[in-house]
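For this chain, numbers begin at 1 and follow the sequence in order. Atoms within a ligand are numbered from 1 in the order they appear, just like the ligands themselves.
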Amino acid sequence: MSEDRHRALRQDSAVVHAGRATDPTTGAIVPPIHLATTFARDEAGELLGDFLYGRYTNPNRQALETCLAELEGAAAGAAFASGSAAATAVMQSLESGDRILVGDDFYFGIRKLLLLFGRRSGVQVDVVDLADPVATEAALSGGAVRLVYCETPSNPLMKVADLARLAERAHHHGALLLVDNTVATPLLQRPLALGADLVLHATTKSLAGHSDVLGGALLARESTLPLWERIVEIQRLAGAVPSPFDCWLTLRGIATLAVRLRAAVDNAERLAEHLAAHPAVERVLYPGLDSHPGHAIATRQMRRPGSLLSILVREGEPGARRFMAGLRVFTRATSLGGVHSLAEHRIVVEGPTTTTPVNLVRLSIGIEDVDDLREDLEEALGRVRA
Ligand SMILES: *Cc1c(COP(=O)(O)O)cnc(C)c1O
């Protein structure tokens, strides 16, 4: 398939084809892995191809960036060694004295990273509930903001921010909007089309999808955005880039994203309903449920509610511990978006100072048979009462 023809493809086809082309020298329909760190010049000193040096760019990285940009409807993309490396590049592209707003519920490691970086670099990081329009407006009005950094649905509380509204308000106040779209994926939510300026992915999660490769990416609505130019500069000069094999594995994972998501979201929807009716569950946090406060917005801005949900288990922290101990099909492990169903008692990772409820268990729903997952949850919930 030629690059031109990809543009017209629907997203479920683009995951298979975008960024890939039949190898012109061999006819291989799968891209080769280019391990070379450097690329030759001719007698006149001109590069033979489009590549110069592995830290600047590489054919496998370029293929991944092209694919991700197409899926998000972005003008440009930059891949990083992890989602956290991508977030670090954003922070390194800001100036001391810049102010940014960050959601109050956020992927734990990124939240820690942004606050730490803010303290050391002089970037002012203000934490605000971005799902609350009044609180957000007050924060935007309280002094010049360079960037609003939003994750929706947020994790682990699954709060939903109204992206079209947030983009409009951020722009009104002269700020850019960055959306961490890891939990939703570009197939379920397209922040740039809703007005966001930048999208971040931990490709480690649903995009690569098999819990076997770390990666991150940033995507930009416009490649001429000054902040974007700085981000690309940091990517190339600082070199927190994924290896060619990492890029290749990620791109291979993306090929099955549409079918994996369909299976995982089907499972998540059924399990969320089931859990919401279970006597050992106090509450289910999942934007697909009518009872969720962000349900209406999620229905508007997401194609489907995703494969991640959190539950509050009855009997407090001991109840959650007993539930966790009873799981046999779900694996007790951190991370999300992979083919394996994972369960995580968040307090075990976040420690006693966390604001996450002590009985919260985050469930990343995989692609197993839903009846095995349901039976596993039921058996473990049967142990909640001491
Ligand atoms: C995992 C994750 C990250 C960080 O990605 P790493 O590849 O682990 O560095 C960032 N944001 C979200 C929403 C995540 O789930």
[atom] - nearest protein heavy atom and its distance:
atom                    : answer
atom 8 (O) of ligand 1  : Tyr107 OH, 4.0 Å
atom 7 (O) of ligand 1  : Thr204 OG1, 2.7 Å
atom 10 (C) of ligand 1 : Ile110 CG1, 3.3 Å
atom 5 (O) of ligand 1  : Ala202 CB, 3.2 Å
atom 14 (C) of ligand 1 : Lys205 NZ, 2.9 Å

Any atoms of ligand 1 less than 4.0 Å from a non-hydrogen atom of [X]? List them with their elements.
X      : answer
Ser84  : 4 (C), 5 (O), 6 (P), 9 (O)
Leu336 : 15 (O)
Glu151 : 13 (C)
Gly215 : 7 (O)

Could you tell me whether [X] and [Y] have a side-chain N and a carboxylate O separated by less than 4.0 Å?
X      : Y      : value
Asp372 : Arg328 : no
Glu151 : Arg111 : no
Asp132 : Lys159 : no
Arg304 : Glu269 : yes

Practice task
Output every pair passing side chain to side chain donor-acceptor pair (under 3.5 Å) with a member in residues 26-50, not counting sequence neighbours, ordered by first then second residue.
Solution key: Asp23-Thr26
Practice task
Examine the side chains of Arg61 and Thr57 and answer whether a donor and an acceptor come within less than 3.5 Å of each other.
Solution key: no
Problem - Nearest-option assignment for atom 13 (C) of ligand 1, heavy atoms, candidates Thr203, Asn181, Asp180 - result: Asp180
Problem - Min N/O separation Gly83 to ligand 1 under 3.5 Å - result: yes
Handout entry: Within residues 271-293 or reaching into it, pairs that qualify as salt bridge (Lys or Arg N to Asp or Glu O under 4.0 Å) - sequence neighbours excluded
Key = none
Practice task
Answer yes or no: are there more than 12 heavy-atom neighbours, outside Arg252 itself, under 6.0 Å from its atom CZ?
Solution key: no
